[in-house]
**Student:** 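Sending over a structure as structure tokens; questions will come in a sec.
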Amino acid sequence: MTTNRSKRFRERSVPLLLIFITTAFLALFLLMPLAAIFVEAFRKGAQAYFASFNDRYAMSAIRLTLLTAAIAVPMNVVFGVTAAWCIAKFEFPGKNVLITLIDLPFAISPVIAGLIFVLAFGRQTMLGEWMIEHDIKIIFAVPGIVLATIFVTFPFVARELIPLMQEQGTIEEEAAVSLGAGGWDIFWKVTLPNIKWGLLYSVILCNARAMGEFGAVSVVSGHIRGETNTIPLHVETLYAEYSYVAAFSVASLLAFLGLVTLVAKTALEWKTKRKKEGKSISG
Amino acid sequence: MKIKKAIKNVLWSFLILGVPSIISCTPSSDDSETRSATLLNVSYDPTRELYVDFNEAFVKHYQQETGVKVNVKMSHGGSGKQARAVIEGEAADVVTLALAYDIDIITEKAQLLPADWQKRLPDNSTPYTSTIVFLVRKGNPKNITTWDDLIKPGIQVITPNPKTSGGARWNYLAAWGYILKKELGGDLKKVNDPQFADAVKAAEVKAKEYLTALFKNVPVWDAGARGSTMTFVQREIGDVLLAWENEAVLALKEFSNEKFDIVVPPVSILAEPPVAVIDKVVERHGTREVAEAYLKFLYSKEGQEIAAKNFYRPRDPEIAAKYASNFKDVELFNIDDVFGGWQKAQRLHFNDGGVFDQIHQVK
């Protein structure tokens with residue numbers, strides 16, 4: 001009797017304990033810092049909060065971040081879809097090497113990624129020297145920031161699409177070929193509709209990273225106020241200048257972006273899951 | 001079903017149309033190119049507030065004089081790091097760095113300005129000076145009054161990394177000079193006197209021991225002076241911050257004198273942060289005239305007054321007298337007398353394999 005009861009107690013308490021630990025962990029490491037950002041940002045009231053954005057350096061940082069993401073994300077979409085298409089639908093020698101190369105930006109530290117561009121386009125190389133002499137600016141200017149961002153966000157789209165496309169296999173494409181469809185038709189009418197939610201999902205993640213990247217961008221930026229400061233770099237600058245409210249206000253933009261990303265991500269996951277269930281029922 | 005399709009269409013059109021529209025609404029270049037000039041000043045960490053004030057005054061002054069509207073852009077960071085960026089191609093029209101070696105290295109590695117750059121402007125091309133002081137917690141709970149107190153066990157000292165920060169190198173040399181002076185019976189002239197060569201050698205051994213002990217008390221190495229200040233004042237790590245005088249006074253004011261005290265050691269170093277026009281860059285940009293006027297304005301009464309108000313010691317005797325009460329009397333030695341100049345000091349102490357590396361590896 002007693003052993004039975006204690007067994008039942010144990011059965012019930014273990015999951016409860018685990019849930020408690022997880023929740024406490026999340027609260028401590030995720031919710032508290034997130035709340036802290038907004039508390040600090042509104043420390044001197046809503047007026048001070050909004051005043052932080054009414055500043056030409058803040059606006060320039062926001063514009064630069066949007067511009068960078070607007071270039072980096074579409075380029076990664078084109079690259080990612082192409083690469084995933086090649087890898088998932090075709091067999092060719094060197095495929096594993098390609099997959100490894102795509103993963104490279106995940107494997108190396110963003111700071112090293114930034115240094116790669118400094119070494120490539122700095123005065124160390126003939127090319128860099130020539131470009132500096134002719135006032136063609138790559139590093140310590142906007143192109144360097146865009147390049148570094150593209151580099152660190154490189155794997156997001158391809159990595160998301162490869163497993164999806166592999167899972168879907170090539171049956172539908174083969175059917176399209178047998179019915180006489182051309183390459184473009186197959187891509188637009190068969191492949192793309194199949195991957196669109198996965199693609200959108202990866203674009204959202206890629207965008208979040210592109211806007212939030214600090215390390216790589218910091219190395220190539222040169223930290224010129226109003227010119228090469230992105231939002232994360234601007235936050236650092238403000239913090240170092242004792243402008244805590246402004247620093248946290250601008251940081252809250254990134255936090256907000258993170259929250260939007262999270263919501264969009266959850267919505268998409270829910271949608272794809274429902275679709276899959278629908279398919280398995282009908283099939 | 002129709003609604004679902006509509007949502008899908010909106011999502012897709014957002015994805016496809018949204019991106020180019022963001023690109024197109026980003027701003028293009030300046031509206032009027034005429035009678036305007038742009039200057040990039042690459043500076044070290046603690047000068048952020050100084051150059052906000054100074055740039056405003058200079059822009060006004062220059063527009064009155066010439067009618068040209070100047071846009072001064074700033075970049076701040078650890079002095080050594082900033083020098084490296086200029087070498088790698090950051091297009092600085094002028095540099096205002098923490099110490100002469102960081103400009104020397106630009107001439108050495110990239111030949112962007114002549115080797116005798118320091119003779120082109122008065123006072124070794126340093127329009128303002130500073131020194132190294134201690135910032136301690138309010139009431140000085142650990143009772144830190146001089147350099148000897150920093151190596152006591154249990155004292156946490158905050159100083160940046162000498163490899164990247166100019167302020168950190170001044171901190172290091174100030175401590176080194178203090179020990180030499182102490183060991184040589186208070187007379188630093190003996191350093192350059194061959195008669196006392198043995199005594200100097202013995203003193204240098206002591207100085208090395210002292211710095212080894214000092215660095216054992218350093219829990220965090222930031223890359224620049226401002227980073228260290230933030231570690232000390234914001235993250236509240238450490239008992240004492242070795243800092244530029246201007247940086248320490250600024251931190252004091254930011255917290256309305258309530259959280260920190262400044263301790264001025266009896267002996268410290270005369271820190272000379274130099275300025276220079278980067279010839280190759282101003283020639284390419286056609287900005288020599290405005291760049292030279294910019295640096296010259298630092299030496300004007302107005303420029304000197306702005307420096308003094310930002311707690312840099314002005315060179316101009318009149319302005320210095322006016323602000324004398326802001327700056328405590330300290331016995332200052334200079335780098336040329338004790339270390340034979342920056343080139344020598346850098347090579348012996350801070351280059352790879354130098355004394356700093358040896359000490360640091362002991363740790």
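Atoms considered below: every heavy atom in the structure, side chains included; atoms not considered: hydrogens, waters and symmetry mates. Small disclaimer: the values here were computed from a predicted structure and weren't measured.
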**Student:** Check whether B:Arg226 reaches the backbone of A:Ala240 with its side chain - one donor and one acceptor, N or O, closer than 3.5 Å.
**Tutor:**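 At least one qualifying donor-acceptor pair exists.
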**Student:** Pick one of side chain, backbone, both or neither for B:Ala85, based on which atoms fall under 4.5 Å of a heavy atom in chain A.
**Tutor:**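 Interface part for B:Ala85: both.
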**Student:** Around atom CD of B:Gln111, are there more than 12 heavy atoms from other residues, nucleotides or ligands closer than 6.0 Å?
**Tutor:**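 Yes - once you tally the heavy atoms of other residues, nucleotides and ligands closer than 6.0 Å, there are more than 12.
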**Student:** To the nearest 0.5 angstrom, please state how far the NZ atom of B:Lys73 sits from the OG1 atom of A:Thr228.
**Tutor:** 8.5 Å
**Student:** Would you mind checking which part of A:Tyr239 comes under 4.5 Å of any heavy atom in chain B, side chain (CB onward), backbone (N, CA, C, O), both or neither?
**Tutor:**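 Its backbone and side chain both get close to chain B.
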**Student:** For the CD atom of B:Glu90 and the OG atom of A:Ser221, what is their distance to the nearest 0.5 Å?
**Tutor:**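 It comes to 7.5 Å.
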**Student:** Tell me, side chain or backbone of A:Thr237 under 4.5 Å from chain B's heavy atoms, or both, or neither?
**Tutor:**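 When you check distances to chain B, atoms from both the backbone and side chain of A:Thr237 fall under 4.5 Å.
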**Student:** Would you say NZ of B:Lys163 has more than 12 non-hydrogen atoms from neighbouring residues, nucleotides or ligands within 6.0 angstrom?
**Tutor:**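 Yes, enclosed.
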**Student:** For B:Glu289, is the CD atom crowded, meaning more than 12 foreign heavy atoms sit under 6.0 Å from it?
**Tutor:**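 No, not enclosed.
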**Student:** Can you establish whether the number of heavy atoms outside B:Arg48 located under 6.0 Å from its atom CZ is more than 12?
**Tutor:** yes
**Student:** Look at atom NZ of B:Lys253 and say whether more than 12 heavy atoms of other residues, nucleotides or ligands are closer to it than 6.0 Å.
**Tutor:**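 Result for NZ/B:Lys253: open.
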**Student:** So which heavy atom on A:Gly222 is nearest to which on B:Ser75, and how close?
**Tutor:**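 The answer is O-OG, 2.6 Å.
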**Student:** Do you know which of B:Leu250, B:Val42, B:Val233, B:Leu112 has the most heavy-atom pairs with chain A at a distance under 4.5 angstrom?
**Tutor:**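 Heavy-atom pairs under 4.5 Å are most numerous for B:Leu112.
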**Student:** Take a 6.0 Å sphere around NZ of A:Lys189 and say whether it holds more than 12 heavy atoms from other residues, nucleotides or ligands.
**Tutor:** no
**Student:** Considering residues, nucleotides and ligands other than B:Lys109, do more than 12 of their heavy atoms fall under 6.0 Å from its NZ?
**Tutor:**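 No, because the 6.0 Å sphere around NZ of B:Lys109 holds 12 heavy atoms or fewer from other groups.
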**Student:** What residues of residues 123-136 of chain A make heavy-atom contacts with chain B at a cutoff under 4.5 angstrom?
**Tutor:**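 Result: A:Arg123, A:Gln124, A:Ile132, A:Glu133, A:Asp135.
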**Student:** Considering only heavy atoms and a distance below 4.5 Å, find which of B:Glu88, B:Gln82, B:Lys81, B:His76 pairs most often with chain A.
**Tutor:**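 Ranked by heavy-atom pairs under 4.5 Å with chain A, first place is B:Glu88.
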**Student:** Taking the side chain as C-beta and beyond, is there a heavy-atom pair between B:Thr229 and A:Tyr242 under 4.5 Å?
**Tutor:**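 SC-SC contact between B:Thr229 and A:Tyr242 confirmed.
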**Student:** Answer yes or no: is there a side-chain heavy-atom contact under 4.5 Å between A:Glu241 and B:Glu49?
**Tutor:**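 When only atoms from C-beta onward are counted, B:Glu49 and A:Glu241 do touch, with a gap below 4.5 Å.
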**Student:** Counting heavy atoms not belonging to A:Phe256, are there more than 12 under 6.0 Å from its CZ?
**Tutor:** no
**Student:** Just so I understand: if I count every heavy-atom pair under 4.5 Å between each of A:Leu64, A:Leu119, A:Val118 and chain B, which residue has the most?
**Tutor:**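 Top option by heavy-atom pairs under 4.5 Å: A:Val118.
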**Student:** Contact part of B:Ala251 toward chain A, heavy-atom cut-off under 4.5 Å: side chain, backbone, both or neither?
**Tutor:** both
